[in-house]
Amino acid sequence: MKFLMLVCWDGERLNAEEEPMQNEAADEESLPWLDDLQARGMWVTGDRLSPPRRAKSVRVRDSKKLVTDGPFAETKEVVGGFDIIECGSFEEAVEIAAGHPVAEIGTIEVRPFWGN
């Protein structure tokens with residue numbers, strides 16, 4: 001079964017971070033949590049997202065496109081990244097999420113995919 005883990009943490013902190021330099025090499029620092037999932041063949045993909053200040057929310061109402069800056073919901077925590085994992089059960093996915101490094105300072109929302 002595949003699960004999406006939405007990695008959420010402080011939106012103000014994310015917005016305060018500097019923009020990465022264009023063509024800047026990815027941080028090569030090892031993360032034991034990720035290293036373990038990759039070694040077990042359970043991590044499908046994931047990435048960090050740009051801060052909320054770079055977001056656009058898009059809605060269509062009465063056939064008119066409405067675009068606003070930033071995330072739609074006013075909240076302290078925002079989605080700052082995601083991971084897609086593949087494991088045997090929802091319970092196992094929750095245990096994996098509990099080990100995520102951001103779980104200690106933010107929230108990891110776990111959702112199963114409805115598809116294959």
Side-chain angles (χ1 to χ4, degrees):
M1 298 173 62
K2 287 185 183 170
F3 296 88
L4 172 65
M5 298 189 332
L6 295 172
V7 181
C8 307
W9 67 93
D10 188 307
E12 287 182 23
R13 183 174 165 199
L14 285 172
N15 271 330
E17 291 183 1
E18 292 184 26
E19 296 287 326
M21 300 290 279
Q22 196 166 16
N23 297 327
E24 182 178 294
D27 187 359
E28 297 297 326
E29 181 180 331
S30 176
L31 292 173
W33 177 85
L34 181 57
D35 295 342
D36 177 59
L37 288 181
Q38 287 175 327
R40 294 165 47 196
M42 300 173 87
W43 189 77
V44 176
T45 192
D47 207 341
R48 237 181 120 178
L49 300 174
S50 63
R53 70 175 181 270
R54 300 269 314 269
K56 299 284 185 194
S57 293
V58 180
R59 295 171 285 157
V60 176
R61 302 292 185 267
D62 298 321
S63 300
K64 293 182 182 176
K65 177 178 68 175
L66 305 169
V67 180
T68 55
D69 290 337
F72 180 73
E74 289 295 324
T75 180
K76 280 217 154 281
E77 287 189 340
V78 297
V79 177
F82 71 97
D83 291 284
I84 297 174
I85 59 171
E86 192 161 5
C87 58
S89 68
F90 205 130
E91 293 76 17
E92 186 176 17
V94 168
E95 285 302 313
I96 291 169
H100 194 288
V102 174
E104 293 185 14
I105 61 168
T107 304
I108 310 299
E109 181 178 333
V110 181
R111 291 192 195 182
F113 281 83
W114 274 1
N116 297 334

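Both backbone and side-chain heavy atoms feed into the values below; hydrogens, waters and symmetry mates do not. All residue numbers refer to positions in the sequence shown, counting from 1.
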Hey, mind stepping through Lys56 and Asp69 against side-chain contact (heavy atoms from CB on, under 4.5 Å) and telling me if it holds? CA-CA 5 Å; Lys56 299 284 185 194; Asp69 290 337; 2.4 Å; yes
Which residues satisfy the side-chain hydrogen bond (donor to acceptor under 3.5 Å, both in side chains) test with Arg54, sequence neighbours excluded?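 For Arg54 the side-chain hydrogen bond (donor to acceptor under 3.5 Å, both in side chains) partners, ignoring immediate neighbours, are Glu19.
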Under the side-chain hydrogen bond (donor to acceptor under 3.5 Å, both in side chains) test, which residues partner Asn15, sequence neighbours left out?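 Per chain and number, Asn15 pairs via side-chain hydrogen bond (donor to acceptor under 3.5 Å, both in side chains) with no residue.
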Which heavy atom in [X] sits nearest to a heavy atom in [Y], and how many Å separate them?
| X | Y | value |
| --- | --- | --- |
| Trp33 | Gly99 | CD1-O, 3.0 Å |
| Gly80 | Trp9 | O-CH2, 3.6 Å |
| Leu14 | Pro52 | CB-CD, 3.9 Å |
| Cys87 | Ala93 | SG-N, 3.6 Å |

Residue list, ring-ring contact (aromatic ring centres under 6.0 Å, His included) with Phe82, at least two apart or on another chain: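 Phe82 satisfies ring-ring contact (aromatic ring centres under 6.0 Å, His included) with no other residue.
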Rounded to the nearest 0.5 Å, how far does CZ of Arg13 lie from NZ of Lys76?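 Interatomic distance, Lys76 NZ to Arg13 CZ, rounded to 0.5 Å: 13.0 Å.
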Sequence neighbours excluded and cut-off under 3.5 Å, please list the side-chain donor-acceptor pairs for residues 102-110, or say none.
residue: Thr107; atom: OG1; partner: Glu77; partner atom: OE1; Å: 2.7
residue: Thr107; atom: OG1; partner: Glu77; partner atom: OE2; Å: 3.4
residue: Glu109; atom: OE2; partner: Arg111; partner atom: NE; Å: 2.5
residue: Glu109; atom: OE2; partner: Arg111; partner atom: NH2; Å: 2.7

Do the non-hydrogen side-chain atoms of Arg59 and Thr68 ever get within less than 4.5 Å of each other?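 With C-beta onward as the side chain, the pair touches.
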Compare all side-chain heavy atoms of Ile84 with those of Met5 and state whether any distance is below 4.5 angstrom.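 Of all side-chain heavy-atom pairs linking Met5 with Ile84, none is under 4.5 Å.
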Fellow cluster residues of Val58, listed by chain then number, with links counted only when side-chain atoms sit under 4.5 Å apart: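 Same cluster as Val58: Val67.
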Could you pull out all donor-acceptor pairs under 3.5 Å where a side-chain atom in residues 39-48 meets a protein atom, sequence neighbours excluded?
residue: Arg40; atom: NH1; partner: Asp36; partner atom: OD2; Å: 2.7
residue: Trp43; atom: NE1; partner: Asp83; partner atom: OD1; Å: 2.8
residue: Arg48; atom: NH2; partner: Glu17; partner atom: OE1; Å: 2.6
residue: Arg48; atom: NH2; partner: Glu17; partner atom: OE2; Å: 3.0

